[in-house]
Each structure stands twice: as C-alpha cells, then as structure tokens.
Amino acid sequence: MTSMAEPKEKAIQEKKAVLPGKSNFSEWYNELLLMAEIMDVRYPVKGLYVWFPFGFDVRKRTYAIIRELLDKDHKEALFPLLIPENEFMKEAEHIKGFENEVYWVTHGGKNELDVKLALRPTSETAIYPMYKVWVRSHADLPIKIYQIVNTFRYETKHTRPLIRLREITSFKEAHTVHATWDEAAKQVEEATRIYQEFYRRLAIPTIVSKRPEWDKFPGADYTMAVDTLMPDNKTLQIGTAHHLGSNFAKTFDIKYEDINGEQVLAHQTCYGISERSIAALISIHGDDKGLVFPPEVAPTQVVVIPIIFGKSDDVVTACRDVARRLKESGIRVELDESDERPGAKYYKWEMKGVPLRVEIGPRDLKNNVATIVRRDTGSKDTAPLNDIEIEIKKRFEMVHDSLYEKAVKSLEGRLIDCSTLDEVKEKIPTGIAKIPWCGERDCGLSMEEAVGAGILGIPEGKLGTGNGTCPVCGKVTSNIAIMAKTY
RNA sequence: GGGGUCGUAGGGUAGCCUGGUCCAUCCUUCAUGCUUGGGGUGCAUGAGACCUGAGUUCAAAUCUCAGCGACCCCA
C-alpha cells in the first residue's frame, strides 16, 4: 500500500489546503476562527472563548455600526452584572425561560450570601427595578437605553464559538419604555428596521418574522426575529425584538402619571443582537481561502505588496508612497515588506479577509500603474498610480455591493416552496422551506413534530404571503410560514 | 434529552488493537543563516508534544476507571 511517493504527495496536498473546504462547514468554521485569529477556541472551560486582538478589531468595527445606528435616538448605559435572586425571581414566565441556565454566585469568600446573586443571562431584571424609580411622569417617556455587555448562560447543548456560548461577550441589548402598547409596537418595528440596516452594512441578507407563540421570549407579548441562512443550510437567529406589553411593568411596578393625573402601567420593549452577527459575517462571506470582509469592517482594508527583483529600490519607494497616500486618505492599509515570497503573502492576507490587494512591481512601475486584486472575486486589474485613492474607494463600494448581491442570491436560491409536510421534510436539509400555515398553535406544533424542524414564523412582506392550505387542518390560508433547521 | 467517536509539539497527524523496540513518526509552524522573490523558493542547523487524576503492571502514549475538554449523529 505504501509507495515511496505517497508521503510526498500527501505533504503537497496538505500544504495547498491549510484550511478544510467550506463545504465541510463545521470543520471549516472552527479551523478558520483559529487560523485567521478571530477567536482562540482553546480556553479550558467549555463554552468560553478568547477574542484575539484581530477578532476583537472586527468586533469593534462591527459594534461601531450598531452604536452609530442606535445613538441616533438611544442612550448607552451600563447596569450591573449581578442580579439579586429576589428581583430575578419576580417574573414567572421569565424565570421559567431562564432558570435552568443561570449561574449563581452563592459565596463571598468563604461566607455564604444571604441573597444569592445571578450572573445576568439577560438584563431585564437588572434594569427594570431602576426603571421603576426612573419613570414618574408621561414626560419621562419614552426611555430608550441600550448597553453592550457580557451575559452568562449555562448552556447544556453543544456550545460553539460565537454561536452558542456560556458567556456571551458582546450582548447588545436595548430596553425601552413607552406610554402605550401601540407606541411600543412601533418601537419593535423600528428595532427590526435598524437591525436590517445593520446587516445590510455587513452585506448579510436577513429574514424578519414573527416567532410562533410557543417560541417567543419568556414574558413577552410577541417576538420578532431576524434570521439568516448559514452555509450548512441551518438558520441562525441574529437579532430579536420583543414587545413586552406591560407584563414586566406590572411585575416591577413601572408606572407613570398621565396628563389626567392617573397612574398608568408603562409598556416596554427589548431587543438584542450578539456576536452571532460576527459568526454570520464570517460564515456567509468566507471561502476556502479564509475570511472575506466587507471593507467597512475589515481591520485591514488594503494590503500593498511590493514585487521585488534583486535590488528594486524604486518599487519599494513606490509602495511606501502608495501606502502613505492611502493612509492619509483614511484607508486602513498595510505595507507587507516582509522577507516572504509574494505568493506566500497573498495567501496570508487572503486568510485575513483583506478586501483589496495592491501589487506594484517593475512592470507596473514602467506603466505608472498598480495591480489591484479583489479578495471576493479574485479579479485582477490595474489602476493609474496617480488616482490610486479614488480607484481604491470605488472598488470598496463594488466589493460591498457584490458581496451583498451574492449573499442575497445564495439565500434566495435556498428558499424552497413546499405544499406538503413530506416535501418540507425532504427539502429542509437544503435550505428554508416555505409552507402554508393557518397560524394555529396545534397545527404548527404538529408540523414541527412531523418535520423535525422549527417554524421560524410568518415572514414580513411578500415572503410570508401566498395561497394554499394548511397541511394539518386543511384550512385555506394566505399565510406562508418558513421552517428550517436552526442553530 | 438519547447514542457514538475522540484527546500525542502552536496547528494537522503516525504509533494504541497485540504494554517494553518511543529520550515518540511525518507535514506544517517557529528561530538563525545563506539563497530566492508577478501565487506557498530551496538548503542547512536548531526549537517544540503523549489532557488531568487514580488504578493494573517489573514496565503505560498504549490497558481500566473517573474527571475535564472536543467533535458527530438522533430527538
């Protein structure tokens, strides 16, 4: 079996394919996180991971977009990590939803605490006792506050970096208070609009749908969710917005005095996004060569690579000049003057997802141009050195748009019309199944049971409307539900 | 919730079944020097590992148990 040639051939193969192919998504994902230095998955506690400086840079830039969008009419604040047991246990539904996942602090040093402290799995019960104090008059409303914090959930299922964590390190949660139910409902709409804009900036296509009754946030009137579709055809919930009605207001006694001097229960919403957004960013755009970033969030937007033959002082000078000019025009640029061969440099920066690569060699210099290579398509062209800044910025937009277009197509190509549950079951490994659903709880639960996958909900807009009959009760309906395997 | 596979340098692996030949294989990585430079340059020298704990044994990477951790499948 073993020939002399075999080890050598194998070695060559391994060298070419440092990263497992993306078709093997799970392996690709884990390896990429480590190789591209997003997260170190080797921290010795289950479900906890380390952000590398490079990954953290991506996180910072991604979260800068959320902040920018929210800061228009929200205020950022910070509430404590520890929640006393008595506050945490106030809302019955809420407890049911989270109590099996809560970490408890029971001791201070060697002394047992009189009141146990929960590590927040989410912050409603940390924030709302304060809202009770803050909300006095209708003039105090609306309140729109968000915070970006870590939260803890004792996950018993399979944990996965950025996707299912025991410490969510980047939980952006907004909590608003309104006078009326309708006003709160409008805020939920606004939240999903903001989230869609956020994901548009990341070139990630999304589907917004109302979660079925049995899958809503514990303690909410209803839940709107933002989902995207991952390369392995499972959906990832990457944002939620909950209408809390006055459920929590009742529990936490959040009331305001209206114009007529009456004490009225407030209405609330909360909505959140986590580092799952970054999981989606990496997974949707990445390829067999590594990361692919939209320019806006790429830690390095352009890498300049000198093509040197012997002593090419003029090439080096030209590269330094280009790098300096790009930097001066606000572009995040790296000049790779290291002692490696150009090919090795290409692979290295491709792994890191740098959107554009600028090569300058003697040939380019003679023509007074630079060669520009796009990370997303691999396409190569040249641009005059004189206008390099403009040419680069032009391409940034092109890269973003074509990333988004490609992602949209990929998602749309995996939306599958179905009319029977057998069909759903058969097609679901290949994407998201669309199926008529009357909207009744019993029918929905039987559908999930029969298919072995979840109902995400009835999507907003035309995706969620059509004609058909509910596969369980046979009632005619214009509701189209989407079903998928979920993370 | 149920079932399965696995844990060897920074990463990927061989060795484990049948204990001793292992101060542990190969690739990659890293360090130094020369060489090379439009898609992973070549050579030389060097660095780096048996998950943790207990047990069986004259002897454990190898067998047993427990813990921790990773992955896969089903519900």
Side-chain angles (χ1 to χ4, degrees), chain A residues 1-21 24-50 52 100-101 154-161 163-166 232 234 288-290 303-316 318-319 336-352 354 357-367 369-375 378-382 425 428-429 445-446 448-454 485-487:
Chain A
M1 282 299 282
T2 26
S3 75
M4 290 297 282
E6 194 176 276
K8 203 171 183 181
E9 273 168 28
K10 200 182 165 204
I12 288 164
Q13 266 184 358
E14 276 172 5
K15 199 171 179 180
K16 288 261 152 89
V18 255
L19 193 63
N24 187 353
F25 178 68
S26 215
E27 235 175 87
W28 174 87
Y29 181 76
N30 284 330
E31 277 294 310
L32 178 60
L33 288 177
L34 190 59
M35 293 194 64
E37 296 182 303
I38 299 288
M39 301 217 94
D40 203 321
V41 297
R42 295 169 297 183
Y43 191 76
V45 179
K46 182 181 165 69
L48 309 189
Y49 309 93
V50 177
F52 280 112
N100 289 327
E101 307 189 344
Y154 183 76
E155 294 286 355
T156 51
K157 294 212 167 164
H158 194 182
T159 54
R160 249 179 230 279
I163 292 175
R164 187 179 297 278
L165 307 145
R166 285 188 168 175
D232 60 353
K234 288 198 220 168
D288 287 355
K289 288 177 169 177
V303 60
V304 180
I305 297 187
I307 309 298
I308 299 164
F309 290 93
K311 276 227 175 303
S312 310
D313 290 343
D314 47 347
V315 166
V316 173
C319 284
D336 191 346
E337 288 194 74
S338 68
D339 198 22
E340 284 166 302
R341 298 278 290 254
K345 295 180 186 178
Y346 300 162
Y347 282 107
K348 175 180 152 192
W349 292 102
E350 277 164 356
M351 179 64 75
K352 295 283 194 167
V354 179
R357 177 172 85 229
V358 172
E359 303 170 18
I360 301 174
R363 201 165 65 206
D364 301 299
L365 223 46
K366 209 185 317 171
N367 300 321
V369 296
T371 300
I372 304 179
V373 185
R374 273 172 62 168
R375 172 66 180 89
S379 68
K380 225 180 226 201
D381 67 349
T382 57
K425 191 167 185 174
I428 231 159
L445 289 172
S446 328
E448 290 191 339
E449 174 83 36
V451 170
K485 291 269 187 195
T486 59
Y487 266 99

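From a predicted model like this one, the values you see are computed outputs, not experimental measurements. The chains referred to below are lettered A, B, ... by the order of the sequence lines, with proteins before strands, and numbering in each begins at 1.
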Asks: Using OP1 and OP2 only, check whether a side-chain N or O of Asn30(A) sits under 4.0 Å from C71(B).
Replies: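 For C71(B), OP1/OP2 do have a side-chain N/O of Asn30(A) under 4.0 Å.
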Asks: Does Arg160(A) have a side-chain nitrogen or oxygen under 4.0 Å from the phosphate oxygens OP1 or OP2 of A70(B)?
Replies: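 For Arg160(A), the contact criterion (side-chain N or O under 4.0 Å from OP1 or OP2 of A70(B)) is not met.
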Asks: Check the phosphate of G38(B) against Thr371(A), side-chain N and O only, distance under 4.0 Å to OP1 or OP2. Yes or no?
Replies: no
Asks: Could you say whether Lys289(A) or Tyr49(A) is positioned toward the 5' end of RNA chain B, judged by the nucleotide with the nearest heavy atom to each?
Replies: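 Here Lys289(A) is the residue nearer the 5' end.
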Asks: Looking only at side-chain N and O atoms, does Ser26(A) come under 4.0 Å of OP1 or OP2 in C71(B)?
Replies: no
Asks: Counting heavy atoms not belonging to Tyr154(A), are there more than 12 under 6.0 Å from its OH?
Replies: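 No, OH of Tyr154(A) has 12 or fewer neighbouring heavy atoms, counting only those of other groups under 6.0 Å.
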Asks: Round to a whole Å and report the spacing from NZ of Lys425(A) to P of A75(B).
Replies: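 For the pair Lys425(A) NZ and A75(B) P, the rounded distance is 7 Å.
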Asks: Could you say whether Gly361(A) or Gly452(A) is positioned toward the 5' end of RNA chain B, judged by the nucleotide with the nearest heavy atom to each?
Replies: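 Final value for this comparison: Gly361(A).
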Asks: Would you indicate which nucleotide in G38(B), U41(B), G69(B) comes nearest to any side-chain atom of Pro362(A)?
Replies: G38(B)
Asks: With a 4.5 Å limit on heavy-atom distance, are the side chains of Pro161(A) and Asn30(A) in contact?
Replies: yes
Asks: Could you check whether Glu155(A) pairs with Arg164(A) (Lys NZ or Arg NE/NH1/NH2 to Asp/Glu carboxylate O, under 4.0 Å)?
Replies: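 Arg164(A) and Glu155(A): salt-bridged.
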Asks: Taking atom types as they are modelled, is there a donor-acceptor pair under 3.5 Å from the base of G39(B) to the side chain of Arg357(A)?
Replies: yes
Asks: Taking only Lys NZ, Arg NE, NH1 and NH2, and the carboxylate oxygens of Asp or Glu, determine whether Glu37(A) and Lys352(A) approach each other closer than 4.0 Å.
Replies: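 Between Lys352(A) and Glu37(A) there is a salt bridge, with a charged N closer than 4.0 Å to a carboxylate O.
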Asks: Expressed in angstrom and rounded to an integer, what is the separation of Asp336(A) atom CG from G38(B) atom P?
Replies: 14 Å
Asks: Can you find an N or O donor on one side and an acceptor on the other, under 3.5 Å apart, linking the side chain of Glu350(A) with the base of G39(B)?
Replies: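 A donor-acceptor contact between them is present.
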Asks: Look at all strands and tell whether Gly47(A) reaches a base, only sugar-phosphate, or nothing, counting heavy atoms closer than 4.0 Å.
Replies: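 Result for Gly47(A) = sugar-phosphate.
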